[in-house]
Amino acid sequence: MKSSLDLWLKSHKSTAKRPLNLLLALGLFNGLLLIVQAYFLALIVNEVVIHSAPLAEFYLPLFAILGLFLLRALLAWWLEFYAQQAAVLIKQKIRLLLYDKLQRLGPLYLQGQRSGELVNSLSDGVEALQAYYSQYLPALSSVALLPLAILVVVFPLDWWSGLVFLLTAPAIPVFMILIGKGAEALSQKQWQKLARLSAHFLDMIQGLSTLKLFNASRREAQAVAQISEEYRRSSMKVLRVAFLSSLVLEFFATVSVAIVAVLIGFRLLWGEMDFQIGFFILLLAPEFYLPLRQMGTHYHARMEGIGAAEKMVELLNEPLPNVVHDPLPLPAGTAEIELKEVDFVYDKGEPVLHGLNLKIEPGERLAIVGPSGAGKSTLMNLLLGFAQPSSGELRLGGVLSSRVALEQWHERIAWVPQSPTLFQGSLAENIVLGMAQASEAEMIVAAEQAGAHEFICQLPQGYATQIGEAGVGLSGGQIQRIALARAFLKRAQLLLLDEASANLDLYSESLVIEAMATLPKESSLIFIAHRLSTLRVADRIVVLDQGRVAAEGSHEQLLASSPLYQRLYQGYRGVSCP
Ligand code: ADP
């Protein structure tokens, strides 16, 4: 599992091919410059200190060292730049992938998810990959380059030192892997804790007024404190392992350099080695182990990356609810909708719709009523294309819903959910959402129909008023009216509304009912009704009960024939049932 996560992370390398290749080339060049720099230094020290040559003779190599030093500083800056650029490019791609997948999974999938966790993996999770791509991956791909170059230089000069390098080098990665095995599991746990923490915070922010009123904020705070504590512990465990691994790597690198130094020292003492060569190799020894040690340091980035990737891969591997491989075009004009013996079962659980038969003619105004839990929203989800029947047929304009391309279907429908969502931006932007071609006059007409124009004009900045996320700063009824305006503006062939007037005052409600009644003849309207006033707009009313059509007909017919409708109707009038 972990190695597959690592493979998944690595598979995105191709997105940043150019910066990563440049990193590799520049890294190697930097390493070669280092070897040359060490050579000049060894030469000068050998001549000036051992052979007492005047320093003045070595100005040229001295300047060369200075030049190399500056060049390497510049290269280091460049390396950092390309490393960051590669990471940013890859993060961008992963974000798009995740966003695209969420879009395709649709709202039904999201209903079953903890949104705090999801947001955490989309924001912090993707951000946590920065170090993986900017530090670990470049370190990994260049780990062997400089040591190999140093081996090529050192072996012909002194094969003893070359041998020590060759034999000690593998110990570092071997230990790193041994330590890393346990560390990955710890890191994954740390991410899971962080995700739970985010979910709790989101609940707390969204439900703050409830928590306060029910005196439960202390209880929730205790829960957050407990998870924070668990998170702290798992973070400390991860850090402990990270420090331990760094310590082990430093220790091995130091011991290895010491072995090389002792071997060189003895041979210098016995006069078996030239000082310049010995000193040159000694200068190179720490550099030989440096990339391996750096790998150890960046191993922490790998663990973190893998921990964060778990939820992303899980999301990306979710099976798509309705992939249409070979879509059939919808016929022109308003589509007839037909459900034949439709059953629907949510992922886990009992059937929610049973053998539903329903035909909705083009231009029909159909109201759906039923007690809560009857399956009204589920039926809407089917009509919206967010779910497919578990068995039976749903046909849109004669075409099986499983063969219709969702985008084409969505072009034809407009939807106002029970709690509509507004987005950051101006009111005008929220109304014309996705319909950039709409003119200002059309927008105003739609707002008037939805009963929104009046209150918008009373705001100091009118349609340019900026609103916060999810419509912060507007009342429930105002949000509903903006969402209605958005739906009316689309002039869709099918308008789906869920309890559209639930949040409206009587005046706005009358405006909305008028708008519903005056929708173009060819547009169909299907709405979940909770008020008697909106029921009057309907040509036909379907009474749903426990996932079945219990009765259907006009208001008068149902009142005379359906006891359930009578009870609901009493409820609508505000009279409590016995
Ligand atoms: P209504 O809109 O009429 O109140 P719903 O369509 O929301 O009814 O729900 C019908 C049944 O389906 C209920 O028993 C509800 O518990 C169940 N249900 C709704 N959404 C889900 C879901 N995402 N997963 C599992 N069961 C669900």
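Residues: numbered from 1 along the sequence shown. We count ligands from 1, going down the list as the structure has it; atoms in each ligand are counted the same way.
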Can you list the atoms of ligand 1 that are under 4.0 Å from a heavy atom of S377?
1 (P), 2 (O), 6 (O), 7 (O)
For atom 4 (O) of ligand 1, what is the closest protein heavy atom, and at what distance to 0.1 Å?
G373 N, 2.7 Å
Going by a strict under-4.0 Å cutoff (protein heavy atoms only), does atom 11 (C) of ligand 1 have a neighbour on the protein?
yes
So, do I413 and H410 sit near enough that their side-chain heavy atoms are less than 4.5 Å apart?
yes
By number and element, which atoms of ligand 1 are closer than 4.0 Å to a non-hydrogen atom of T378?
5 (P), 6 (O), 9 (O), 10 (C)
Assess whether atom CD of E318 is packed by more than 12 heavy atoms of other residues, nucleotides or ligands within 6.0 Å.
yes
Would you call the rings of F344 and Y346 parallel, tilted or perpendicular if under 30° counts as parallel and over 60° as perpendicular?
perpendicular
Where is the nearest protein heavy atom to atom 23 (N) of ligand 1: which residue, which atom, and how far?
Q111 OE1, 3.0 Å
May I ask you to check whether K376 has an N/O atom sitting below 3.5 Å from an N/O atom of ligand 1?
yes
Closer than 4.0 Å: a protein non-hydrogen atom to atom 16 (O) of ligand 1:
no
Enumerate the atoms of ligand 1 whose separation from the nearest heavy atom of G375 is less than 4.0 angstrom.
1 (P), 3 (O), 5 (P), 6 (O), 8 (O), 10 (C)
Can you classify the ring geometry of H555 versus Y565 as parallel (below 30°), tilted (30 to 60°) or perpendicular (above 60°)?
perpendicular
With a sphere of 6.0 Å drawn around NZ of K101, does it hold more than 12 non-hydrogen atoms of other residues, nucleotides or ligands?
yes
Between R95 and E127, does any NZ, NE, NH1 or NH2 come within less than 4.0 Å of an OD or OE carboxylate oxygen?
yes
Give a yes or no on whether a salt bridge exists between E229 and R232, defined as a side-chain N under 4.0 angstrom from a carboxylate O.
yes
Is the closest N or O pair between V352 and ligand 1 shorter than 3.5 Å?
no
Residue and atom name of the nearest protein heavy atom (relative to atom 19 (C) of ligand 1), distance in Å to one decimal:
Y346 CE1, 3.5 Å
